Visitor: 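Take a look at the following structure, please.
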Number of protein chains: 2
Amino acid sequence: MAYRRTAAVEQRLEDRRAAIAAAAIALLSDHGYRALSIAAVAERAGVATGTVYRHYTDKSELMVGIFRDLCVREVEAVTAASAAGSATGRVAAMVETFAQRALRNPRLAYTLLAEPVDAALDAERLVLRRAFAAAFADAIGHGIATGEFPDQDAGLAAAALVGAVGEVLTDPLHTGTAATGTVPDLVAFALRALGAPQ
Amino acid sequence: MAYRRTAAVEQRLEDRRAAIAAAAIALLSDHGYRALSIAAVAERAGVATGTVYRHYTDKSELMVGIFRDLCVREVEAVTAASAAGSATGRVAAMVETFAQRALRNPRLAYTLLAEPVDAALDAERLVLRRAFAAAFADAIGHGIATGEFPDQDAGLAAAALVGAVGEVLTDPLHTGTAATGTVPDLVAFALRALGAPQ
DNA sequence: GTCTATACGTCGATAGAC
DNA sequence: GTCTATCGACGTATAGAC
């Protein structure tokens, strides 16, 4: 009989992969991308270096894999924040949610958002930004439909907000500390830009 | 007597370097980063491939060198656009200038602005963004001082505008065509965000 | 410009699952 | 018995120090 993986083995494989990803995330959270060596990941995950390559073809794919895993959560959190309420409230909640979650783990967020890594991650970031923009476009379109926001190109405004939020957070995430006014100011900027009533 | 480069030789070297850079820019303008092979650059510049490496240590440095050269011009153009007039007019002129210049050569602008290339270029982009943000912060600070804009964190607003403009242009630059309303809409977004009077 | 240290990715051997 | 995931030392490239 040909070899086939049992459920137990499948589970172990998954666990190992998760352990490797978790180790990598911990390293990124502590010291950013420069700390992400395969040797360090392997040691922290309790496996040999060669094992890492059984789960990820190379370091770049490991980084992209982590990015995808983590960003799915972020998109979900932001989408959840935009579920109900006035359009103004939704957009405010989205910006606030994104910013506060990022600032809670600044080093990791900086690596995901802006740290120079490689072209593969850059490409993935472009995809992520479109996902966030789609979520914003929904909320903005809602606001236009209800007359809360003046008529405008929702797609353009959404992209602009994604860019604005990312760029404003880049520096605070990099240094590790944001001024107390950063998040409310950012929200105010976004709402003014959309023409929301005061 | 030790060897020393004469002025004539020095000039020839500079010319060669300029020719190589020009060839690289032409390739990027035509087909983006994927067309930037050292062999293609050398052929177009009329030099041997080895000669390219006498002026740039590797492809990454060539790309960064081009980026710096071109971006100096862009920062100058945007700064010049902000030289005089009302703060509203200055900011509008800056956004318009940047966007229109980019859209005039979309493929090249996309490569400079957002195309996945490598970490070295990413790092350079971060520097460039700060330069643009500084220019915007000047104009915004001016507007706050004259009472044209409501009181706000000029640095935050400047970063937000840089992010917004870059993100909004990314897609049109990538596809090669912008809707006719893109630039005016972007300007309107920026002025609303700053709280400029209608 | 050289030299050393660091780190990526590979490979043959091994242990264990089927 | 066959096949596979794991190990960990090694070759090689590269980057930073002197």
Side-chain angles (χ1 to χ4, degrees), chain A residues 1-70 107-108 110-112 114-125 174, chain B residues 1-5 9-10 13-14 16-17 24 33 36-39 41-42 48-68 116-127:
Chain A
M1 170 183 167
Y3 180 84
R4 250 198 103 189
R5 292 208 278 243
T6 66
V9 171
E10 202 79 59
Q11 183 62 44
R12 275 236 313 270
L13 266 313
E14 255 180 53
D15 289 350
R16 275 239 213 262
R17 190 186 162 97
I20 291 167
I25 291 167
L27 289 167
L28 293 177
S29 300
D30 286 346
H31 301 101
Y33 184 70
R34 72 184 181 106
L36 195 76
S37 72
I38 298 294
V41 170
E43 191 188 344
R44 189 149 188 156
V47 300
T49 57
T51 303
V52 176
Y53 291 95
R54 306 286 313 171
H55 295 268
Y56 299 93
T57 62
D58 59 16
K59 187 177 169 177
S60 180
E61 208 198 62
L62 169 62
M63 187 63 219
V64 169
I66 293 166
F67 179 85
R68 286 216 185 103
D69 291 349
L70 294 175
R107 272 208 145 105
L108 178 60
Y110 175 68
T111 298
L112 298 178
E115 188 171 11
V117 173
D118 66 15
L121 185 60
D122 287 345
E124 215 53 38
R125 283 176 179 149
H174 188 39
Chain B
M1 169 181 169
Y3 178 81
R4 247 196 103 191
R5 292 209 278 243
V9 171
E10 201 79 56
L13 286 179
E14 258 180 53
R16 274 261 165 83
R17 190 184 162 99
Y33 182 71
L36 195 75
S37 71
I38 297 293
V41 170
T49 57
T51 305
V52 176
Y53 290 99
R54 311 229 16 124
H55 295 268
Y56 299 94
T57 62
D58 58 17
K59 186 176 165 178
S60 179
E61 208 197 63
L62 168 62
M63 187 63 218
V64 169
I66 292 166
F67 179 85
R68 286 215 185 104
V117 173
D118 66 15
L121 185 61
D122 287 344
E124 216 53 37
R125 283 176 179 150
L126 290 175
V127 174

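In what follows, every chain begins at residue 1, and chains take the letters A, B, ... in the order their sequences are listed. The model shown is predicted, which means the values in this text are computed figures rather than measured ones.
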Visitor: Identify the pairs formed between an N or O of the protein and an N or O of nucleotides 6-11 of chain D at a distance under 3.5 Å, and give each distance.
Guide:
{"residue": "dT6(D)", "atom": "OP1", "partner": "Arg16(A)", "partner atom": "NE", "Å": "2.8"}
{"residue": "dT6(D)", "atom": "OP2", "partner": "His55(A)", "partner atom": "NE2", "Å": "3.3"}
{"residue": "dC7(D)", "atom": "OP2", "partner": "Ala48(A)", "partner atom": "N", "Å": "2.9"}
{"residue": "dC7(D)", "atom": "OP2", "partner": "Thr51(A)", "partner atom": "OG1", "Å": "2.1"}
{"residue": "dG8(D)", "atom": "N7", "partner": "Gly50(A)", "partner atom": "N", "Å": "3.4"}
{"residue": "dA9(D)", "atom": "N6", "partner": "Thr49(A)", "partner atom": "OG1", "Å": "3.2"}

Visitor: Give me the one residue out of Asp122(A), Leu121(A), Asp118(A) that meets side-chain contact (heavy atoms from CB on, under 4.5 Å) with Asp122(B).
Guide: Asp122(A)

Visitor: State which residues pass side-chain hydrogen bond (donor to acceptor under 3.5 Å, both in side chains) with Arg68(B); sequence neighbours excluded, sorted by chain then number.
Guide: Glu124(B)

Visitor: Can you tell me the distance, in whole Å, between the CD atom of Glu43(A) and the P atom of dT6(C)?
Guide: 14 Å

Visitor: Taking atom P of dA5(D) as reference, at what distance in whole Å does atom CD of Gln11(A) sit?
Guide: 16 Å

Visitor: Using whole Å, report how far CG of Asp58(A) lies from P of dG9(C).
Guide: 5 Å

Visitor: With a sphere of 6.0 Å drawn around CD of Glu43(A), does it hold more than 12 non-hydrogen atoms of other residues, nucleotides or ligands?
Guide: no

Visitor: Roughly how far, to the nearest 0.5 Å, is CG of Leu27(A) from CD1 of Ile66(A)?
Guide: 9.0 Å

Visitor: Can you tell me the distance, in whole Å, between the CG atom of Asp118(A) and the P atom of dC8(C)?
Guide: 12 Å

Visitor: Which residues satisfy the salt bridge (charged side-chain N to carboxylate O under 4.0 Å, His left out) test with Glu10(A), sequence neighbours excluded?
Guide: Arg5(A)

Visitor: Within the side chain of Arg44(A), is there an N or O that forms a donor-acceptor pair under 3.5 Å with the backbone of Ala24(A)?
Guide: no

Visitor: Might you list the N or O atoms of the protein lying below 3.5 Å from N or O atoms in nucleotides 12-18 of chain D, with each pair's distance?
Guide:
none

Visitor: Kindly write out the residues that satisfy ring pair (Phe, Tyr, Trp, His ring centres under 6.0 Å) with Tyr110(A), not counting sequence neighbours, or none if the list is empty.
Guide: His174(A)

Visitor: Report which part of the nucleic acid Leu36(A) touches: base, sugar-phosphate, or nothing (heavy-atom distance under 4.0 Å, all strands).
Guide: sugar-phosphate

Visitor: Excluding sequence neighbours, so at least two apart, what forms side-chain hydrogen bond (donor to acceptor under 3.5 Å, both in side chains) with Arg17(A)?
Guide: none

Visitor: Just how far, in rounded Å, is C1' of dT10(C) from NZ of Lys59(A)?
Guide: 17 Å

Visitor: Rounded to whole Å, how long is the line connecting atom CD1 of Ile38(A) with atom C1' of dA7(C)?
Guide: 9 Å

